[in-house]
*Asks:* 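Questions regarding the structure given below will be posed in turn.
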Amino acid sequence: MDQDIIEKAKAYVQGLFAEDSGGHDTTHTLRVYENAMKIASSEDCDKEIVALAALLHDADDHKLFDTEDLSNARAFLRSAGISGDKEEKICRVISEVSFSANRDKAPSSIEAMIVRDADRLDAMGAIGVARTFAYGGQHGRNMSESVYHFHEKLLLLKDMMCTGTGRELAEKRHVFLEEFLKELEEETGMGRCKI
Ligand code: NI
């Protein structure tokens, strides 16, 4: 894998997300990249596709950018000299990652399974809690609306993991989410789904 391209991709997303402070910032992308490489190490896969798809997976997120056909991701891949064939494979992975667009529809490649698991892991555990309230605050949601998000999405993710390592990592994070909601319910009566 060409480490130089990976570093360039990191710098590119850093530039794209310079303005954002909600759940989808550069640190999220870098964590997804780290999770993805961890999962990839025990899978038979193309690690360069995994790495670049992970780093670019939110580069055209419709909540942040008004782009079409993954044009931010494609612009980077072309500038980095990635072949047309590989560009298509990476873009296919990216389009299969999004939770809202895919729900539990099965990914078509091992690389897409890995990046999807990696992205979903970042919505679980302590970081999942932190991101949910950060995003909620930024979008004018009150706390119980954010708590609802745990029930409508975050608690479902454990059973949607596609890889063995993803499932393993998700297990611990899921237990933490349940603990958190239980504690919140005890302290405030707000842990249950009320909307
Ligand atoms: Ni993401």
Side-chain angles (χ1 to χ4, degrees), residues 6 9-40 45 47 49-77 89-139 141 146 149-150 152-163 165-167 169-170 173-174 176-177:
I6 303 303
K10 287 182 187 174
Y12 179 70
V13 292
Q14 200 115 35
L16 280 182
F17 295 134
E19 306 280 294
D20 186 59
S21 59
H24 280 87
D25 53 15
T26 317
T27 61
H28 161 70
T29 286
L30 294 178
R31 286 189 304 270
V32 171
Y33 166 73
E34 296 296 336
N35 289 342
M37 297 326 282
K38 203 183 288 175
I39 299 171
C45 62
K47 293 197 172 54
I49 291 182
V50 170
L52 289 173
L55 287 170
L56 296 166
H57 84 279
D58 277 336
D60 294 276
D61 186 320
H62 64 89
K63 293 192 284 300
L64 302 173
F65 306 107
D66 190 20
T67 54
E68 271 175 44
D69 192 29
L70 304 178
S71 59
N72 281 341
R74 287 182 191 280
F76 172 78
L77 294 170
K89 286 184 179 153
I90 292 168
C91 287
R92 180 102 195 255
V93 171
I94 293 173
S95 66
E96 290 181 353
V97 170
S98 153
F99 179 83
S100 52
N102 294 286
R103 301 290 291 197
D104 52 359
K105 203 164 87 210
S108 64
S109 66
I110 181 65
E111 289 81 9
M113 291 182 191
I114 293 169
V115 181
R116 190 193 279 192
D117 280 7
D119 189 41
R120 290 177 174 184
L121 279 169
D122 204 50
M124 305 178 72
I127 188 63
V129 173
R131 286 179 67 215
T132 298
F133 289 104
Y135 183 88
Q138 201 187 28
H139 291 82
R141 287 183 189 162
S146 287
H149 186 65
F150 286 83
E152 101 190 303
K153 175 177 171 184
L154 308 189
L155 293 172
L156 310 180
L157 296 175
K158 171 177 76 80
D159 294 326
M160 296 169 130
M161 290 290 146
C162 302
T163 65
T165 311
R167 259 188 297 278
L169 297 170
R173 294 184 182 211
H174 182 82
F176 182 85
L177 288 181

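Order of listing sets the numbers, starting from 1, for every ligand and every atom in it. For this chain, numbers begin at 1 and follow the sequence in order.
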*Asks:* For the atoms NE2 of His28 and NE2 of His57, give the angle they form at the Ni ion (ligand 1), rounded to 10 degrees.
*Replies:* 90°
*Asks:* Treating Glu96 as the side-chain partner and Ser108 as the backbone partner, does any N or O pair qualify as donor plus acceptor under 3.5 Å?
*Replies:* yes
*Asks:* Just to verify, what does His62 make a ring-ring contact (aromatic ring centres under 6.0 Å, His included) with, not counting sequence neighbours?
*Replies:* none
*Asks:* Mind checking side-chain hydrogen bond (donor to acceptor under 3.5 Å, both in side chains) for Ser71 and listing every partner two or more places apart, or none if nothing turns up?
*Replies:* none
*Asks:* Let me check your reading of the structure: within less than 2.8 Å of the Ni ion (ligand 1), is there an N/O/S atom from Asp58?
*Replies:* yes
*Asks:* Between Lys38 and Glu34, is there a salt bridge with N-O shorter than 4.0 Å?
*Replies:* no
*Asks:* Is the distance from the Ni ion (ligand 1) to some N, O or S atom of Asp119 under 2.8 Å?
*Replies:* yes
